[in-house]
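Computed from heavy atoms alone, side chains included, the values below leave out hydrogens, waters and symmetry copies. Read the numbers this way: they start at 1 and go in the same order the structure lists the ligands and their atoms.
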Amino acid sequence: MTSHVPVEEQAPYGAGAERKPARRVRVHHLRELKQRGEPWPMLTAYDMFTAKIFDEAGIPVLLVGDSAANTVFGYSSSLPVSVEELMPLVRAVTRSVSKALVVADLPFGSYQISPEQALTTAVRFMKDGQAHAVKLEGGRRFAPHVEAITAAGVPVMGHIGFTPQSEHNLGGYRVQGRGDAAEDLVADALALQEAGAFAVVLEMVPAEVAKRITAELVIPTVGIGAGPDCDAQVLVWQDMAGMNQGKAPRFVKRYADLAGALSRAAGQFAAEVRGGEFPGPEHVFH
Ligand SMILES: Nc1nc(=O)c2c([nH]1)NC[C@@H]1CN(c3ccc(C(=O)N[C@@H](CCC(=O)O)C(=O)O)cc3)CN21
Ligand SMILES: CC(C)C(=O)C(=O)O
Ligand SMILES: [Mg+2]
């Protein structure tokens, strides 16, 4: 025993977080972090090793993003990825974490048709993927979808601003909510909160607008290209860790050079095999 505080009374993060074992992050913990003014990080994860590493590093929320379309499956946009492709990734991540709250991103076409379709897909991710919450893109027009899912007991994260599944309608990868459009974004955020969302992602939104939405909402905002005043910040992990060597969006900061490290490792392995240096005597059975 490392603590005299009953396990049920320990917060997963913040005060007392050093006392183990920590408990599962819940949506009310995220609202408490907002009330305390403590910003929190969110990362994507798509497999076992990264999920474990991020969970143990104290990332409270992991998103199995439909960005897996780009970062796992090699599509050039997020539109083609399916529920069937994402489900095993969700299952791998949920199996691999003990604290993090795992959010399953609903892919394009799996929820837009109707609130009923949205609930059906959300239930699949909760039941078959053992996710802890789901996320979907859209504002006021998707409030009925959010309401249907939350009414069934499933936490929903909203996503407004630049919504990649609508890139063809939005006219490309562009900042949303400049000028008069700011009012629409505020209305979208309030509608999602009213519909029962537990948090809302703001993607590529002017910092001033994100700040205003963050102040108006009681639920946390999660920024990506939305400035420093959001309650939380999210990045795609391959962008954050420099695994993605492509041109990064302006909102990305690279905290490591994983592509470089892996490339050097692979190059060294190849050279040692070609040079007859690997395997050495310590790697051989007799
Ligand atoms: N690797 C990866 N990172 C992401 O952040 C991400 C994905 N994939 N896939 C799904 C969506 C798509 N997103 C993206 C992808 C690219 C830009 C981008 O190229 N932005 C440029 C141009 C902005 C502009 O033209 O105004 C930038 O410099 O920010 C933005 C969001 C965010 N998501
Ligand atoms: C960038 C985040 C918010 C996302 O939706 C994804 O990774 O799919
Ligand atoms: Mg997404």
Has ligand 1 got any nitrogen or oxygen that is less than 3.5 angstrom from a nitrogen or oxygen of [X]?
X	result
Thr71	no
Ser67	no
Lys247	no

Given atoms OD1 of Asp66 and OD2 of Asp105, what angle do they subtend at the Mg ion (ligand 3), to the nearest 10 degrees?
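Answer comes to 80°, rounded to 10°.
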
In one Ile/Leu/Val/Met/Phe/Trp/Tyr side-chain cluster, 4.5 Å: [X], [Y]:
X	Y	value
Met243	Phe251	yes
Phe49	Leu62	no
Phe108	Val72	no

Nearest 0.5 Å please: distance from the CZ atom of Arg140 over to the CD1 atom of Ile160.
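That separation rounds to 9.0 Å.
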
Counting each atom of ligand 1 from 1 as listed, which ones have a heavy atom of Asn244 under 4.0 Å away?
1 (N)

State the atoms of ligand 1, each with its element, that fall below the 4.0 Å cut-off from a heavy-atom position in Phe251.
5 (O), 30 (C), 31 (C)

Among Val175, Asn70, Asp66, closest by any non-hydrogen atom to atom 8 (N) of ligand 1
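Shortest heavy-atom distance from atom 8 (N) of ligand 1: Asn70.
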
Per atom 3 (N) of ligand 1, closest listed option by heavy atom (Thr44, Asp239, Ile224):
Asp239

Is a donor from one side chain sitting under 3.5 angstrom from an acceptor on the other, for Glu85 and Ser82?
yes

Should [X] and [Y] count as side-chain neighbours, where that means a heavy-atom distance under 4.5 Å?
X	Y	answer
Val103	Val64	no
Ser96	Val93	no
Val90	Met126	no

Contact residues of ligand 2 with a heavy-atom cut-off of under 4.0 Å?
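Only Thr44, Leu63, Gly65, Asp66, Ser67, Asp105, Lys135, His159, Ile224, Val236 have heavy atoms that fall under 4.0 Å of ligand 2, ordered by chain and number.
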
Should Glu167 be listed as contacting ligand 1, given a heavy-atom distance under 4.0 Å as the test?
no

